[in-house]
> 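This is the structure I want to talk about, given as structure tokens.
Numbers restart at 1 for each chain; the letters A, B, ... are given by sequence-line order, proteins then strands.
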Amino acid sequence: MSDMIEVKRLAKHFGPIVAVDDVSFTVRRGEVLGFLGPNGAGKSTTMKMITGFLAPSSGTAIVCGADVTRDPIAVKRRIGYLPEGAPAYPDMTSAGFLDFIAHIRGFSGAEARRRVALAVERVDLGDVLYQPIETLSKGFKRRVGLAQALLHDPDVLIMDEPTDGLDPNQKHQVRRLIAEMSADKAIIISTHLLEEVDAVCSRAMIIAHGKLLADGTPGALEARSRYHNAVRLVLAPADQGPAAAAIRLLPGVDEVESLAEAEGDALMIIPLHGSSIIGSVGDLLRNNRWEPTAISVERGRLDDVFRQITTAH
Amino acid sequence: MRSIGTIFRRELASYFATPLAYVFIVIFLVLAGALTFFLGDFFERGQADLQPFFSFHPWLYLVLIPALSMRLWAEERRSGTIELFLTLPITMIAAVLGKFLAAWAFAGIALVLTFPFWITVNYLGSPDNGVILASYIGSFLMAGAFLAIGACLSALSKNQVIAFVITAAVCFVFTVSGSPIVLGFIQSWAPEALTRTIASFSFFTHFNAITRGVIDARDAVFFFSVIGVFLLANAVIVDLKKAA
């Protein structure tokens, strides 16, 4: 069975507020799914329902064959969950806390010690193992939360903003860890950092107002940007004006924007429907002997797609 | 059910990880001593028993037990650890029982540490140690009932102060409903049956019955029923908050 998580028409109402509205999707082994969405979009609520913390108003989630509304314990056994903010008991030491998690997860004795040691090693927690969690820095607290989620080597990992508030090195480390584990697990992470989707996710979903608005690989989402295949061009200042006028007349060109950038003015040539225009732009430049100081093709930017999708509704 | 033990150990250890345990025990012992010796006329009575000591327990618990129980669920909700706790593979029964039993065991430890009173009274005279043992058991059962009420009300709010105040208020009602003042007041206008019903719901009535030295099944059943009902309500409240 390759569908590890199957979310079926999941919905959650808080009184009159619809937090999650009829969301369905599946996640397979080997996939890293990124939930994208503005704050309050319903990302966390969806995760809380899959992990059994909140009861859905309607619909359900099936994790490794177990239905979270019927057999929550079986679901919880298969999931490693890092809640938002990585909560942990502040007066416990990391070692004590992980030992507690190991026992609750059904390990004891040497096996519990082995599991804790392995998780500690994976998230590089060694130095602070015997300090109370409340005295740890944000980065270490997050690692304690990660170690807790990984301890039983779950098939399904669900992490709510795993890199939020970490410095760039720590972010890199957490992302590397996620990438390492992704092969044999189904992973869902939520984030509002778009670069994170590029860095770790094999698939991205955009959620806003509780609705699923887009679902695809990061590349496919980027292709929906109006900047997909756009050409960024820097010319000598004297050539900017005539070149812009000429390029505007090329077939396949939708618009030419001039950008004021730190290193000088640039032209952004936006194609019609994302078609490739670098060839015809190049020919035009050569024919007119306009020497570009810089020329590049844009892949499209996730944040444009994100803004475009989440503000249209 | 192994998870009850795991939760129990974590919770009990968490009392001792902060100054809470030590402050609680010291205050409990100091207050118990002060009440017994100053208000209870322990020496002046000239009797070798611990009746003055035990008679203040309902009032002592009224102030101190809500301080113990208020954090049980409210703290988890405030710090967000409840999301971690309730997504671990444990049943609701294990979660509720593990927490409650740890708090009850802690109250038991505080109670056991009052043994110098017992030594004192045995040094001064020859008390009926059977009565004293029964009284200790009764006090422990009553502490459990107070704690179950507190645990249940702690699940209602993420604010520990609210949990404390409501618990103290509810426990106060359960305690005074059997005191002579309240019963005398009710007796003046209410039918006998109502007075007896109100008295029968009082911790005071059942505790006093036990401190006379006989553990009547009805008194024990009463305390266990209160514990059972409030722990059930506790589980229901935690469950309802999931659906909210």
Side-chain angles (χ1 to χ4, degrees), chain A residues 12-15 19 44 47-57 63 66 68-69 71-93 96-97 99-108 112 132-134 141 144-145 148-149 151-152 154 158 160, chain B residues 1-24 68 71-99 101-102 106 155 158 160 235-244:
Chain A
K12 183 72 186 175
H13 309 265
F14 295 110
S44 293
M47 290 182 158
K48 284 174 184 174
M49 287 192 285
I50 299 173
T51 53
F53 179 64
L54 285 177
S57 303
V63 178
V68 73
T69 57
D71 191 0
I73 305 279
V75 169
K76 289 168 184 177
R77 262 191 210 113
R78 308 298 290 271
I79 293 182
Y81 179 40
L82 178 68
E84 191 174 359
Y89 295 105
D91 45 21
M92 296 180 94
T93 63
F97 177 65
D99 182 67
F100 165 66
I101 298 289
H103 281 88
I104 275 282
R105 293 273 181 200
F107 306 112
S108 57
I133 292 172
E134 63 191 339
K141 268 183 200 161
V144 172
Q148 166 274 125
L151 193 118
H152 55 302
I158 296 182
D160 201 347
Chain B
M1 289 304 97
R2 231 180 51 169
S3 50
I4 295 183
T6 307
I7 296 167
F8 173 86
R9 276 194 300 280
R10 195 208 77 74
E11 289 280 332
L12 192 57
S14 81
Y15 287 106
F16 292 96
T18 60
L20 175 75
Y22 308 101
V23 171
F24 182 91
L68 204 58
R71 51 184 290 286
L72 281 175
W73 293 93
E75 169 83 3
E76 296 244 12
R77 216 168 270 288
R78 194 191 51 78
S79 69
T81 47
I82 190 148
E83 194 169 342
L84 175 89
F85 186 56
L86 293 182
T87 50
L88 293 172
I90 49 172
T91 59
M92 190 58 83
I93 299 166
V96 168
L97 271 184
K99 276 178 173 292
L101 290 176
F106 179 74
K158 65 174 166 189
Q160 298 196 33
V236 170
I237 289 170
V238 175
D239 225 26
L240 281 179
K241 291 241 169 189
K242 274 169 88 169

> Considering non-hydrogen atoms only, spot the tightest contact between A:Pro87 and B:Ser79 and give its length.
CB-O, 4.0 Å

> Using non-hydrogen atoms and a 4.5 Å limit, figure out which bit of A:Ile101 sits close to chain B: side chain, backbone, both or neither.
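A:Ile101 touches chain B through side-chain heavy atoms alone.
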
> So, do A:Arg105 and B:Leu88 sit near enough that their side-chain heavy atoms are less than 4.5 Å apart?
yes

> Which region of B:Thr18, side chain (C-beta onward) or backbone (N, CA, C, O), has a non-hydrogen atom less than 4.5 Å from a non-hydrogen atom of chain A, or is it both or neither?
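Side chain only.
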
> Is there a donor-acceptor pair closer than 3.5 Å between any side-chain N or O of A:Lys12 and the backbone N or O of B:Ala243?
yes

> Within a reach of under 6.0 Å around NZ of B:Lys158, are more than 12 heavy atoms found that belong to other residues, nucleotides or ligands?
no

> Would you give the length of the straight line joining atom CD of B:Glu75 to atom OH of A:Tyr89, rounded to the nearest 0.5 angstrom?
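Reported value, rounded in 0.5 Å steps: 10.0 Å.
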
> Nearest 0.5 angstrom please: A:Asp99 CG to B:Arg9 CZ, how far?
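CZ of B:Arg9 is found 8.5 Å from CG of A:Asp99.
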
> For the atom pair OG1 (A:Thr51) and CG (B:Leu86), what is the distance rounded to the nearest 0.5 Å?
10.0 Å

> Is the count of non-hydrogen atoms from other residues, nucleotides or ligands lying under 6.0 Å from B:Leu240 atom CG greater than 12?
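Atom CG in B:Leu240 is packed in, count exceeds 12.
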
> Working to the nearest 0.5 angstrom, can you tell me the gap between B:Leu84 CG and A:Leu82 CG?
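The distance works out to 9.0 Å.
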
> What residue, out of A:Ala55, A:Ser108, A:Pro56, A:Ser57, has the most heavy-atom pairs lying under 4.5 Å from chain B?
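Option with the top pair count is A:Ala55.
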
> Rounded to the nearest 0.5 Å, what separates atom CE in A:Met47 from atom OG1 in B:Thr87?
12.5 Å

> Look up atom NE2 in A:His103 and atom CZ in B:Arg10, then write down how far apart they are to the nearest 0.5 Å.
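Reported value, rounded in 0.5 Å steps: 14.5 Å.
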
> Please give me the minimum heavy-atom distance between A:Ile73 and B:Pro89, naming the atom from each residue.
O-CB, 4.0 Å

> Can you say whether A:Phe14 sits under 4.5 Å from chain B via the side chain, the backbone, both, or neither, judging by heavy atoms?
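Contact with chain B involves the side chain of A:Phe14 alone.
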
